[in-house]
Structures are given as structure tokens and as C-alpha cells.
Asker: 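Let me begin by handing over the structure; questions about it come next.
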Amino acid sequence: MTTNTRTSAPAKQTPKVSITEGLRFGRFPITDVQPVVEGGKFPAKALPGEGIVVSARSFREGHDQLGVSAVLLDPKGNERQRTRLQPPSGDRGKGTDLWEGLLTPDSTGNWSFVIEAWHDRYGTWHHNAEVKVDAGIDVELMLAEGAALLSQAAEEPARNEADRQTLRSAATILSDGSLSSEDRLAAGFSRDVAAVVDREPIRELVTVSEPFPLLVERDRAGRGSWYEFFPRSEGAVRDPGTGAWTSGNFRTAANRLDAVAGMGFDVIYMPPIHPIGVQHRKGPNNTLIAGPNDPGSPWAIGAKEGGHDAIHPDLGTFEDFDAFVARANELNLEVALDLALQAAPDHPWVTEHPEWFTTRVDGSIAYAENPPKKYQDIYPLNFDNDPEGLSKEILRIVRLWVSHGVKIFRVDNPHTKPVWFWEWLIAEVNKKDPDVVFLAEAFTGPAMMHALGRAGFQQSYTYFTWRNTKKELEEYFHHVSHESAAFFRPNFFVNTPDILTEYLQYGGPAAFKIRAALAATASPLWGVYAGYELYEHVARPGAEEYIDNEKFEYKARDWEAANASGRTLAPYLTRLNEIRRAHPALGDLQNLTLHQCTDDATVVYSKHKTLPDGTRDTIIVVVNVDPHSAREGMVSLDLAALGLDPADLTHNGGFWVDDLISGESWEWGEYNYVRLDAHVEPAHILSIRR
């Protein structure tokens, strides 16, 4: 529903009954407002300092000019920003009645925005006067109307004295019959007048949309680089004589944190740290029989030592865990904990709360399946028998770990639980602890993944892992940055313990560089699983999983030897994270623009951001996604997307770009030749020199 107000005109007595009362259209229609999620049922997502693309379709009858604005309201309902919307450039803005612009909230909370459409009195007069005076039609009338318009606008209380004087002076010249019509019109069209009207438009018949919700969450909800490791492997020692392992623990794992922080990561993520079931424990490479010394999968949670609220004895105590979290925080790392809502057959829940599981007709409890995969070591939860009891128990568990310093949860397989449960849980947790972040590990259909985002998940794993060709990447980048960004924040993990794609299996070191460069620059969120920097690429035959998978056994990596020999991607990952921190444009999601290249394996995109102080940051990324060869082609840039000013241009009309990977610099323009050898440097990450 819209409301109408009138400005810049004498007040009139409002009739007691309006013929427009109850109508769905205001004086000027406002439709297709974005970002709006399901009509405002769910809030759109945003981050502090993030440029949020706001758009609407608005139009009017006749030929007079229309103005459209977006107004940002803080959690208290106070106006914090007002921006004039403009038709998009190119074909998107031709004949579509689409208007768009950026709003930028600066703090967390429940914000909102409205769209305003209004009769643009100055724009209408400017257009009519320009046409008629040039044609010699109604010249004196048009000049008189301009003088009256600016005189009236000069008296509006919102204007400062300097702007008032600018408008009065222009009105005086417009009224001066001793001057030529050209000089009089030039005064009304002057840059000074245009600047005044741009700051405070001359509006009439203002139509205001309903408010639309905008949830602004903390920075780490939508920006950050993740590093995953198994604490039991960090510091694990194998007896060369017996082959028996001594598990790593929180104390030994803490020794690895300096290296992770040194690579510039923000989040250290650990798989479940709870006791592991003994019944039906999996052996190496997911075999059905485990030996007495096989540690089992951390996702098979629960044993006699306890369940989701306990720590595996091999890893240490709660005191050890607290020390680990404290050390991570000292290094500016946040700890993310796995929330895997399932139970091993010997989890205490199985005997204490059998109603939380599914019992088959033969009396057995159904184990987890994802045909043809079977997970004999875990039972899935059933939320239909005792939804309140089970939900409250999970809420208790989450709050327990929050009390020990965990503010981020990576949720395992959330798509196998009811969506209503996540909506309830996340709302309950965030009501008391709004800084807690949930990442959905949901590799499933788009409808479910998007529903989880609407339900409250701050971020999600994505299909990026399997998008490898130029066409696949371009389509997916456009989708996540422009079509689903209001409710779905993509975390571009390059690998996981479960996922080792053929691209990485057979692409060699170049493939690892390519995927890291794409992930780190295309999304504000990205992550790697330990071993990526060592180019680990050998898969279990016939599977997309690592051989000797760390999910089922210990893995001791010789980080020092890798560094000494130079066979490590750590310096490259470090550089990518340095670039991300230095360039705010890479911290936004919706500012990605795709550009053209004649080569069918070269992807080109840019990210541009103007900061509150007027500083402009623009990154152009050019990546050869063929890990086996050198590729070359001509890059065609959409210059309008780069935020170029005349001061940025060289005497040739070009601009300088600095490669943040190689350190080289070039003068670029609209068309540029590129050649990228995958075995040397497969990517340019270019910063436009201002």
C-alpha cells in the first residue's frame, strides 16, 4: 500500500473521506521493489558498509518527469540515507521503467527502507523549456514558469541559505527581460542550480511505498575467509614400530593457529569435537569394519562419554577448549564449531529419548541413508514425534557452546531437518546472541538451499565447487550476486573432506591457484580445507573423495618440509587474503560485473565500491580457467561499471592497472589483449590506479 503527500504547493484542506482510500496504487505506481523477500515476509540481508542494490519500477501517465528515491531507515525509524534512483545503463534501462541505486547501512540491527516516487517539477520544466525555447514556442511563458518555480523552491525550509541564494539569483535572471532568452535560460540550467536541485529535489505529489525490512548482521556473517582442520590430526604422532597413533588435541592444535592466522584467515573451523560412537564405527576409507585403534568419523556423535554437550577425551577438557578459543581470539581468529544433528547408536539420546528417532516395524532404529550411500554409524533425528522436546535440547546445546566462546556454527546437512526448526532455532539464538552466525552445509536442490537462507542461515555452501567452465562460472556468479543475494550469502569453499573434484584431481598446481583466485575474489566469503595448500589431490578410486580420508583416520602433514621445499600454496593463499583485506570492493556481494573476453576459457569480472569518504576501489579479475595451457584473447570492458573519473584517465584516454599478484602494471582501456599461462600465473587481479 502506498501513501501520497504533496510538497512545494499550498496546503489544501483534506476531505474527510478520500476516494483514494483503500486503493492499492498511489498517485504514482511503485512495483517490483527489490530487495524484498517473499513480499517482506522475510527480511533482506545486509552487512554494515555494504552497498545494497535497491530497485523498483515506477511510472506515470503523460509526459511529465518522474523522480524516484530510496530512503534508508535505521532500527529506530530515523532516516539515515536518501538516494536518488536512476534508470540502469544499457538495455536494462530502456523502456523498462526500472530505477535503481545503492543504500548503505552502517550498523547492525533491523533496518528498513521505502521507495518514494514524485512529480519532478524541475525536471519537467527543464525538459519543456529546453524544447520550446529552442523552437521559439511559449518562450516568455517558459522563462516565467522557471522563475516562479525556483523562487518558490528557494523558500522551502529544508534548504540552507547558500542554496536559497543560488535559486533566487537564477530566478531573478530568468525574469530579467533585458537579457536574451538564451542567457536567461542558461541561468535556470546552470550547474549551480542543478547541484542545488540534486541535493534537495523540487518534489510534488509524493507517493511513498510501504516499508520493507532489511536485517543488517555483523561483518563475519557475510565476509570472511575460512580454514578447516581436524584438531585430532594437528600434533598426532604415529609410533613407527607399532603403527599406533597418539591423537592430537586442543593444546597441540593450538600450535597450528599461528600459521593459519599468518595466511590471513579469519575463521578456524573444526569438525565435531564430541565423543565418537563405537557401534558400527567406520574404518579407513569408509570401510564397514574398524580396527581397535581406528578413531572413527567425528560426525558419528555420541558414546558412553557423552553426546553433543561433551568433548572427546582425546582432545582434552573444556578448560583445554577454552584455552584454544582464547588463543584463536588473540590471533584475530574466530572459532567455528560443527553442529551435526545426528547420533551414533551409542549416543545417550538413543536410550534416553528413543522418540527422537525413527523406529522401523522390526523394532530397529533407521540409520542415515543418501542412496546409494549408507551411514551405518549414525541415526538421523526425527522432529515429528517430540518437536518441542528435541528442539529445546538442541537450543540448550547451542547456548552451551556459545557460553564457551563459539559464535559461528557450520551446520551439517541442515536440509535433512525441517526448515521450520531452523527458523525457530536461529531466531531463538539470535534473539539473545545476535552475533551468532550459522553456515548451512546444504549441497541440495536450489529451493531448499534458498529456503534455508530465508529461514535465517547467514551463509551457505554452494555449487561453486562444481562450476568449472567459463559458461558455468559466469552463470553462477551472476546468479549469486544479482538474483539471490537478498537472502542467500554464498561461501565459496574450494574443497571439503567430502569433495575433491576431478578438476583438482587432474588439474595440477595450476588448478589449485585458479580455484583459490576465483573463490577469494568473486565472493566475500570463501574457505579451504587443510591440505589444499599442499596440493593434495589423490582420490579414492571411483569417488570424488580423498584417499585415506581424514574423516576416518589421522593425517600427519609435514608443514615445515613443505615450506622448506617450496611445494606449498600458502604464500599464494596469504596474498589473496591480503588483497581481500586491502580492497573493500571485494567485501561486497552485489557489485560483481561480468565482462567479455574472446577466449572461451578466460573469465573476466570486476568489483567496484565507493566508500563514504569518496574513495573509489575497483578490482578487475581475469582468470584462465584451463589449468593445462596458456590462453589468450581480447578483453572488452564495460567502462561504466568501473567508476572512472576524468582524473583517472591518461592522455591516451586509458587508465593504469596494477597487478596485485605479479606486481606488473599496464595502461588499459576498453579493449585489452591478455595472455595467461596456467603454469606461470593463471590470474590477473588488477587494481585501477586512482
Side-chain angles (χ1 to χ4, degrees), residues 269-280 296-313 315 317-318 321-322 325 335-360 364-368 375 377-442 451-452 455-458:
Y269 154 55
M270 296 182 292
I273 59 174
H274 316 297
I276 297 172
V278 176
Q279 296 180 37
H280 303 299
S297 168
W299 283 271
I301 297 171
K304 63 181 181 181
E305 296 87 358
H308 289 73
D309 53 0
I311 291 175
H312 196 297
L315 296 177
T317 65
F318 271 96
F321 178 78
D322 292 343
V325 172
V335 172
L337 196 62
D338 202 289
L339 181 62
L341 299 185
Q342 58 218 20
D346 31 352
H347 193 295
W349 286 347
V350 176
T351 55
E352 296 172 6
H353 293 281
E355 70 276 13
W356 292 351
F357 304 91
T358 299
T359 302
R360 298 191 167 195
S364 65
I365 294 178
Y367 55 71
Y375 304 94
D377 55 344
I378 58 174
Y379 293 152
L381 299 178
N382 185 327
F383 283 79
D384 294 326
N385 298 330
D386 179 22
E388 185 171 349
L390 179 54
S391 298
K392 288 183 176 179
E393 169 67 357
I394 295 168
L395 176 61
R396 180 189 71 83
I397 288 166
V398 170
R399 284 179 170 163
L400 167 68
W401 293 107
V402 170
S403 72
H404 284 274
V406 176
K407 293 297 180 71
I408 304 177
F409 293 89
R410 178 269 197 191
V411 179
D412 189 64
N413 287 327
H415 55 288
T416 61
K417 287 80 183 173
V419 177
W420 69 258
F421 164 73
W422 296 117
E423 182 181 356
W424 174 84
L425 178 71
I426 296 171
E428 284 296 308
V429 173
N430 286 160
K431 189 185 303 180
K432 181 179 179 181
D433 297 288
D435 285 350
V436 175
V437 171
F438 292 85
L439 164 65
E441 188 252 1
L452 292 170
F457 274 94
Q458 282 82 6

Asker: What I'd like to find out is whether the side chain of Leu425 reaches to under 4.5 Å of the side chain of Leu395, using heavy atoms alone.
Answerer: yes
Asker: Identify the heavy atoms of Gly302 and Ala344 that sit nearest to each other, and give their distance.
Answerer: O-CB, 3.5 Å
Asker: Measure the OG1-CG distance between Thr351 and Asp346 for me, rounded to the nearest 0.5 Å.
Answerer: 10.0 Å
Asker: State which residue, out of Leu341, Leu381, Asn382, Asp384, fulfils the side-chain contact (heavy atoms from CB on, under 4.5 Å) condition with Leu390.
Answerer: Leu381
Asker: Are any of the side-chain heavy atoms of Lys432 and Arg399 separated by less than 4.5 Å?
Answerer: yes
Asker: Once you round to the nearest 0.5 Å, how far does CD of Glu393 lie from CH2 of Trp349?
Answerer: 5.5 Å
Asker: Closest heavy-atom contact between Val335 and Val406?
Answerer: O-CG1, 4.0 Å
Asker: Can you tell me how far the OH atom of Tyr367 sits from the CD atom of Gln342, to the nearest 0.5 Å?
Answerer: 15.5 Å
Asker: Donor-acceptor check, side chain of Trp422 to backbone of Pro414, threshold 3.5 angstrom: yes or no?
Answerer: yes
Asker: I'd like to check Gln458 versus Ile408 (side-chain heavy atoms, cut-off strictly below 4.5 Å). Are they in contact?
Answerer: no
Asker: Looking at His274 and Ala310, would you say the former's side chain and the latter's main chain have a donor-acceptor pair under 3.5 Å?
Answerer: yes
Asker: Please report the shortest heavy-atom distance between Pro345 and Gln279, naming the atom on each side.
Answerer: CB-OE1, 3.5 Å
Asker: Measure the spacing between NE2 of His404 and CD1 of Ile311 and express it to the nearest 0.5 Å.
Answerer: 7.5 Å
Asker: Are any non-hydrogen side-chain atoms of Val402 and Lys407 less than 4.5 angstrom apart?
Answerer: yes
Asker: How far apart are the closest heavy atoms of Ala340 and Ile301, and which atoms are they?
Answerer: O-CD1, 3.5 Å
Asker: With the threshold set at 4.0 Å, does a side-chain nitrogen-carboxylate oxygen contact exist between Arg396 and Asp309?
Answerer: yes
Asker: So, the side chain of Ser391 versus the backbone of Pro387: is there a donor-acceptor pair under 3.5 Å, distance only?
Answerer: yes
Asker: For residues Trp401 and His308, establish whether the separation of their ring centroids is below 6.0 Å.
Answerer: no
Asker: In terms of the angle between their ring planes, are Phe318 and Phe321 parallel, tilted or perpendicular, with boundaries placed at 30° and 60°?
Answerer: perpendicular
Asker: May I ask you to test the Phe421-Ile394 pair for a side-chain heavy-atom distance under 4.5 Å?
Answerer: yes
Asker: Rounded to the nearest 0.5 Å, what's the gap from CD on Glu441 to CG on Asp412? Could you check?
Answerer: 5.0 Å
Asker: So, Asp386 side chain and Gly389 main chain: donor-acceptor pair closer than 3.5 Å or not?
Answerer: yes
Asker: Are Trp299 and Asp338 side-chain neighbours, meaning at least one heavy-atom pair lies under 4.5 Å?
Answerer: yes
Asker: Minimum heavy-atom separation for Pro275 and Gly307, please, with both atom names.
Answerer: CD-O, 3.7 Å
Asker: Supply the atom-to-atom distance Tyr379 OH to Phe357 CZ, rounded to the nearest 0.5 angstrom.
Answerer: 8.5 Å
Asker: Considering only heavy atoms from C-beta outward, does the side chain of Asp377 approach that of Ser297 to under 4.5 Å?
Answerer: yes
